Every structure is written in C-alpha cells, then in structure tokens.
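What follows is a set of notes on a single structure, which appears directly below.
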Amino acid sequence: MDVRIGVTQAPRELNVEVADEDRDDLRARVEAALSGATDVLWFTDKRGKEIGVPAAKIAYVELGSADGDRRIGFGG
C-alpha cells in the first residue's frame, strides 16, 4: 500500500510503501496523531525502516491502494 504524507513547511511529501495488512492499524495511528493523542506518528515501511513524523507538522495523509492495483501505461 502506498502512503503519502504532506508535511507543513516542507517542499516535498513523504512517499512510503507499507504492508497491505497494516492499513487499519496505520489509519488508527494517523487518527490518533491528528487528534493529539500522540506527538509523533511512527510506522514501519516494507523494508523494515521506522519513520517518525511530528503530528503537529502533518498537513495531510493519503492511504493508497494495494500494489497490484497500479496501472501502467496510458490506458484508462
């Protein structure tokens, strides 16, 4: 699953791939961070790298589709 996180006052967004089965857990963590329950959003990507984003700096989060749903080329 692709995850895109926009960070305030940063020119680029974070693009990370996480395991598809972590979707519900990650969504709960994002909601907790945005509600102020946690100060840092921590999660692990597919390669095992841990990523932390300060909750106060999160502008938006997009949870994408599974890798198998990607389309390649110009077809619609």
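The model shown is predicted, which means the values in this text are computed figures rather than measured ones.
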Subject >> Name of the residue among Arg29, Arg27, Arg23 meeting side-chain hydrogen bond (donor to acceptor under 3.5 Å, both in side chains) with Asp25 >> reply: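 Answer to the side-chain hydrogen bond (donor to acceptor under 3.5 Å, both in side chains) test with Asp25 among Arg29, Arg27, Arg23: Arg29.
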Nearest 0.5 Å, please: how far is [atom2] in [Y] from [atom1] in [X]?
X	Y	atom1	atom2	result
Thr44	Glu50	OG1	CD	4.5 Å
Asp45	Ile51	CG	CD1	4.5 Å
Lys46	Asp22	NZ	CG	10.5 Å
Asn15	Glu62	CG	CD	9.0 Å
Leu63	Leu26	CG	CG	5.5 Å

Original post:
Would you say Leu14 and Phe43 are hydrophobically clustered, going by side-chain heavy atoms of ILVMFWY under 4.5 Å?
Top reply: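 Cluster IDs for Leu14 and Phe43 match.
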Original post:
Which atom names give the shortest non-hydrogen contact between Thr38 and Ala55, and what distance separates them?
Top reply: O-CB, 3.6 Å
**OP:** Check whether any side-chain heavy atom of Ile5 sits under 4.5 Å from a side-chain heavy atom of Val16, and report yes or no.
**Re:**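 The answer is no; the side chains never approach within 4.5 Å.
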